Amino acid sequence: DGGAGPAVPAAPGRVQVFTSVVDTFLEKLLAAGSYQKFASCYRCFYKLQPQLTRSIYDQFISQLQSSVKEEIQEMKNEGNLEGLFNSLDKIVEEAKDREEPAWRPSGVPEQDIRSVLAPYLLKHRSYLRQVLREKEKQNKKLAESVLAGRDKIVELQQLIQAHKQAWQ
């Protein structure tokens with residue numbers, strides 16, 4: 001034997017699952033539009049020519065099936081669904097080797113938002129406080145400069161006054 005036991009079949013990829021779901025959907029869609037329902041909708045025509053009604057129904061179902069398949073294939077191609085599904089399968093495979101658990105929402109949106117935003121907001125608050133301290137330092141220096149300028153103006157006014165009195 002050489003093996004350690006029965007081989008476990010690999011889980012189908014997302015592309016295969018998607019294709020299977022689409023095929024099942026198409027089968028149920030076509031089953032919902034049975035010949036009996038079609039014939040009952042066109043009862044007068046069915047009574048006159050049942051073979052022609054059956055032929056029209058078969059053509060209609062065939063066209064519907066091919067149209068739906070074409071549309072789904074076009075969506076797959078435009079959205080690159082196969083590539084995206086394969087990429088997602090690859091990500092899931094890589095995540096199986098990770099030891100730490102992945103983040104999962106708690107089910108309470110307020111808590112989830114808070115857990116994501118709180119660290120960002122705390123960091124931003126710290127940055128804003130630092131900017132505020134720098135601006136306060138700048139304002140203090142500017143206020144001291146303004147006071148020194150006023151003192152200088154008072155001195156100059158006194159000096160002008162003294163010169164004016166001495167000159168008179």
Side-chain angles (χ1 to χ4, degrees), residues 2-33 60-61 63-168:
V8 178
R14 283 175 172 71
V15 174
Q16 295 161 329
V17 171
F18 180 76
T19 303
S20 173
V21 167
V22 167
D23 290 343
T24 303
F25 161 77
L26 193 55
E27 288 173 16
K28 288 184 179 186
L29 175 70
L30 296 177
F60 172 73
I61 289 297
Q63 285 294 321
L64 177 65
Q65 189 173 13
S66 66
S67 294
V68 169
K69 282 185 176 181
E70 284 176 19
E71 282 294 320
I72 290 172
Q73 188 59 44
E74 191 174 315
M75 287 184 342
K76 279 176 157 180
N77 295 341
E78 282 181 11
N80 189 26
L81 290 184
E82 247 179 79
L84 293 174
F85 283 145
N86 290 334
S87 174
L88 185 57
D89 286 339
K90 214 179 286 182
I91 290 170
V92 168
E93 274 302 311
E94 291 171 0
K96 286 181 181 176
D97 298 335
R98 290 177 48 193
E99 293 181 12
E100 76 269 357
W103 180 84
R104 296 285 185 260
S106 67
V108 181
E110 293 85 10
Q111 286 178 355
D112 296 339
I113 295 288
R114 197 174 303 122
S115 71
V116 171
L117 285 181
Y120 167 75
L121 293 175
L122 290 172
K123 185 177 177 183
H124 192 65
R125 181 173 69 178
S126 164
Y127 167 75
L128 290 176
R129 284 183 175 166
Q130 180 184 354
V131 169
L132 177 64
R133 282 191 294 272
E134 290 172 6
K135 293 298 178 186
E136 285 175 341
K137 284 180 186 177
Q138 280 180 340
N139 286 346
K140 187 176 179 181
K141 286 180 184 176
L142 290 172
E144 289 172 356
S145 172
V146 166
L147 289 176
R150 286 182 184 168
D151 289 344
K152 185 74 170 168
I153 290 173
V154 169
E155 275 181 34
L156 288 174
Q157 283 177 341
Q158 288 174 352
L159 186 62
I160 290 172
Q161 195 67 25
H163 283 307
K164 181 181 171 185
Q165 284 178 358
W167 198 57
Q168 285 180 354

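Here the structure is a predicted model, which is why all the values come from computation and not from measurement.
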**Study point:** Non-hydrogen atoms of G33 and I61 that approach each other most closely
**Key:** O-CD1, 3.9 Å

Revision key, fill the gap. Rounded to the nearest 0.5 Å, the CD atom of E78 sits from the CD atom of E71 at a distance of 8.5 Å

Review point. Any idea which heavy atoms bring G107 and D112 closest together, and the distance?
Key: N-OD2, 3.8 Å

Exercise for review: Decide yes or no on side-chain contact (heavy atoms from CB on, under 4.5 Å) for L147 and E144, but give the supporting numbers first.
Suggested key: CA-CA 5 Å; L147 289 176; E144 289 172 356; 5.7 Å; no

Exercise for review: With rounding to the nearest 0.5 Å, note down the distance linking NE2 in H124 to OH in Y127.
Suggested key: 8.0 Å

Exercise for review: Would you name the heavy atoms of P119 and R114 that are closest together and state the gap between them?
Suggested key: CD-O, 4.3 Å

**Study point:** Nearest-0.5 Å distance, CG of residue L142 to NZ of residue K135
**Key:** 10.0 Å

Check your understanding: Quick one: does T24's side chain have a donor or acceptor within less than 3.5 Å of a partner on S20's backbone?
Key -> yes

Practice item. List the steps, then state whether side-chain contact (heavy atoms from CB on, under 4.5 Å) holds for L26 with L29. Key: CA-CA 5 Å; L26 193 55; L29 175 70; 4.3 Å; yes

Review point. When rounded to the nearest 0.5 angstrom, what distance separates CD in E70 from CD in Q63?
Key: 8.5 Å

Exercise for review: Dump the intermediate steps for side-chain contact (heavy atoms from CB on, under 4.5 Å) on K69 and Q65, then the final yes or no.
Suggested key: CA-CA 6 Å; K69 282 185 176 181; Q65 189 173 13; 3.9 Å; yes

Practice item. Starting at CG of L159, measure out to CD of Q161 and round the result to the nearest 0.5 Å. Key: 10.5 Å

Point to revise | Spacing of R133 atom CZ and Q138 atom CD [to the nearest 0.5 Å] | key: 14.0 Å

**Study point:** Heavy-atom side-chain contact between L121 and R125 under 4.5 Å
**Key:** no

Check your understanding: If you measure from the Lys or Arg side-chain nitrogens to the Asp or Glu carboxylate oxygens, is any gap between K137 and E134 under 4.0 Å?
Key -> no

Exercise for review: Apply side-chain contact (heavy atoms from CB on, under 4.5 Å) to N86 and K90, showing your working.
Suggested key: CA-CA 6 Å; N86 290 334; K90 214 179 286 182; 5.9 Å; no

Exercise for review: Check L81, T19, L88, L84 against R14 for a side-chain contact (heavy atoms from CB on, under 4.5 Å) and give me the one that passes.
Suggested key: L88

